[in-house]
There are 2 protein chains.
Amino acid sequence: MSAAEETPGGEDMPWGEVTPEAARRLLVAAVEAFAERGYHATTTRDIAGRAGMSPAALYIHYKTKEELLHRISRIGHDRALEILRAAADRDGTAAERLADAVRSFVRWHAERHTTARVVQYELDALGPEHRAEIVELRKQSDGAVRRIIDEGVEAGEFVVPDVPGTTVAVLSLCIDVSRWFNTQGRRSPDEVGALYADLVLRMVGVQK
Amino acid sequence: MSAAEETPGGEDMPWGEVTPEAARRLLVAAVEAFAERGYHATTTRDIAGRAGMSPAALYIHYKTKEELLHRISRIGHDRALEILRAAADRDGTAAERLADAVRSFVRWHAERHTTARVVQYELDALGPEHRAEIVELRKQSDGAVRRIIDEGVEAGEFVVPDVPGTTVAVLSLCIDVSRWFNTQGRRSPDEVGALYADLVLRMVGVQK
DNA sequence: TCGATCTCTAAGCGCTTGCTCACCCTCGTT
DNA sequence: AACGAGGGTGAGCAAGCGCTTAGAGATCGA
């Protein structure tokens with residue numbers, strides 16, 4: 001390891017920013033449990049057990065079970081928004097940027113589909129203030145995609161009669177990947193990403 | 001009422017086939033509660049309360065809480081499959097039939113989004129045998145859509161490099177409507193259906 | 001009029017839940 | 001050697017869970 005304070009696994013390790021290590025183990029265990037059985041069906045004993053700790057250990061690092069979900073949701077949404085913004089801010093035609101956004105967004109939802117499932121489908125389990133915070137992040141994701149489509153229409157690259165509606169459809173299509181994607185399935189995350197990028201370009205009227 | 005044995009509301013009333021009336025009231029209450037809070041977060045006391053009955057009354061009509069979910073899921077999936085098959089079996093070009101399938105399927109997911117949310121997103125809460133039964137119905141839905149796309153490709157109407165992948169994407173797009181659709185929102189079920197039918201025709205390469 | 005049948009309730013059982021508390025063990029520092 | 005701080009545990013509390021049971025009331029054919 002090059003830097004003294006670097007986290008094991010490097011900066012790109014998922015959950016690398018969560019410290020100390022016991023807190024990260026609990027969080028990873030919670031992601032798995034929430035993804036498998038849903039937030040409400042998961043017990044704090046199950047989470048602690050998966051992390052190899054006693055039920056009481058959870059409450060040293062997190063005030064409540066809901067705070068655990070919030071931390072997961074927050075980190076996941078930050079990452080999702082980062083991915084979309086990176087694609088939107090690139091150089092290139094609108095078609096290139098939209099394809100890039102869909103490809104990387106879908107790849108994330110497929111590769112990290114356990115995390116994504118929790119992030120995208122357990123929103124209602126959050127408390128009111130936490131939910132409001134996350135909803136705001138979602139609006140920004142919507143904005144990033146809409147911006148690309150708007151610019152494509154303006155540049156004459158896209159033919160889109162209903163930009164807000166198409167934006168919702170594109171995001172919805174990508175997000176739902178985390179529901180049906182299965183590691184045992186036939187397709188790799190890269191393949192699904194490529195397929196979806198092609199489908200979305202067709203949706204906005206790009207001719208090949 | 002014209003026929004002696006007719007159910008109030010007529011044949012097209014949702015849940016009209018569920019009798020007696022108390023059982024239907026409980027089922028409708030369960031749909032609302034499951035859609036709002038999720039299956040696991042919903043208590044049998046809450047369901048009975050919404051139906052204006054005591055907690056014990058639920059067990060006169062249903063053996064367990066899971067049986068209630070299964071009944072809802074079964075009826076909903078039957079209806080969804082019926083909609084897709086009706087469109088697939090119509091006369092007309094593949095494009096017309098695909099547009100019809102998407103339009104009516106999306107309209108159902110928007111109009112009855114509380115029901116659809118339970119039907120589409122609470123699959124994992126079912127027991128193993130019940131889940132297997134429902135998964136089989138889903139495969140048939142996939143088959144109905146795939147058939148239309150296959151025929152469109154064969155007839156030269158569609159240009160689709162990856163038929164199975166596109167089928168999954170089309171169904172996924174429609175199903176996810178039940179997650180984000182809101183009655184207070186700007187669009188009517190008809191409008192979303194029309195938008196989505198257009199987007200899907202673009203996905204399969206139909207030129208306008 | 002009488003019991004049979006069906007629907008529904010009040011009360012509550014056995015269990016699990018999220019979470020707490022008193023205490024212990026392992027440290028780095030003095 | 002003594003200490004304080006903080007991560008960890010075993011036991012368990014109050015509350016809420018799905019579900020059961022004994023019995024009340026309403027309805028109806030014989």
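Naming: A, B, ... by sequence-line order, numbering from 1 per chain. Everything quoted here is computed from the prediction, not taken from an experiment.
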Which nucleotide in the list [options] gets nearest to the side chain of [X]?
| X | options | result |
| --- | --- | --- |
| Met53(A) | dT9(D), dC19(D), dC8(C) | dT9(D) |
| Tyr59(B) | dT9(D), dG18(D), dC19(C) | dG18(D) |
| Ala56(B) | dG18(D), dA10(C), dG18(C) | dA10(C) |
| Ala22(A) | dG8(D), dC8(C), dG18(D) | dG8(D) |
| Pro55(B) | dT7(C), dT9(D), dC19(D) | dC19(D) |

query = Where do Glu133(B) and His130(B) land on the side-chain contact (heavy atoms from CB on, under 4.5 Å) test, with the steps shown first?
reply = CA-CA 5 Å; Glu133(B) 176 195 325; His130(B) 285 161; 4.3 Å; yes

Provide, to the nearest angstrom, the distance between the [atom1] atom belonging to [X] and the [atom2] atom belonging to [N].
| X | N | atom1 | atom2 | value |
| --- | --- | --- | --- | --- |
| Glu21(A) | dG8(D) | CD | C1' | 14 Å |
| Ile60(A) | dG8(D) | CD1 | P | 6 Å |
| Tyr62(B) | dC8(C) | OH | C1' | 15 Å |
| Phe34(A) | dG18(C) | CZ | P | 9 Å |
| Leu68(B) | dG18(D) | CG | C1' | 13 Å |
| Lys63(B) | dT20(D) | NZ | C1' | 15 Å |
| His40(A) | dT16(C) | NE2 | C1' | 16 Å |
| Leu58(A) | dT9(D) | CG | P | 11 Å |

query = Side chains of Arg85(A) and Gln140(A): donor-acceptor distance under 3.5 Å anywhere?
reply =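 Note: Arg85(A) and Gln140(A) side chains meet the donor-acceptor criterion.
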
message = Side chains of Glu122(B) and His40(B) only: does a donor on one sit below 3.5 Å from an acceptor on the other?
response =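 No, His40(B) and Glu122(B) have no side-chain donor paired with an acceptor closer than 3.5 Å.
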
task = Respond yes when some side-chain nitrogen or oxygen of Thr44(B) is under 4.0 Å from OP1 or OP2 of dG18(D), and no when none is.
result =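 Answer yes for this pair, as a side-chain N or O of Thr44(B) is under 4.0 Å from OP1 or OP2.
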
ask   = Any side-chain N or O of His61(B) less than 4.0 Å from the OP1 or OP2 oxygen of dC8(C)?
value =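 It does, given that an N or O in the side chain of His61(B) lies less than 4.0 Å from OP1 or OP2 of dC8(C).
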
inquiry  = Categorize Thr43(A) for me: base, sugar-phosphate, or nothing, with a 4.0 angstrom heavy-atom threshold over every strand shown.
reply    =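 Sugar-phosphate, no base atom in range.
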
ask   = Could you give the distance from OG1 (Thr43(A)) to CG (Asp46(A)), rounded to the nearest 0.5 Å?
value =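 One finds 4.5 Å between OG1 of Thr43(A) and CG of Asp46(A).
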
ask   = When only distance counts, do a donor and an acceptor, one from the side chain of Arg45(B) and one from the base of dG16(D), lie under 3.5 Å apart?
value =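 By the distance-only test, no, there is no pair.
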
message = Parallel, tilted or perpendicular, judged at 30° and 60°: which one describes the rings of Trp108(A) and Phe105(A)?
response =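 Taking Phe105(A) first and then Trp108(A), their aromatic rings lie parallel (interplane angle under 30°).
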
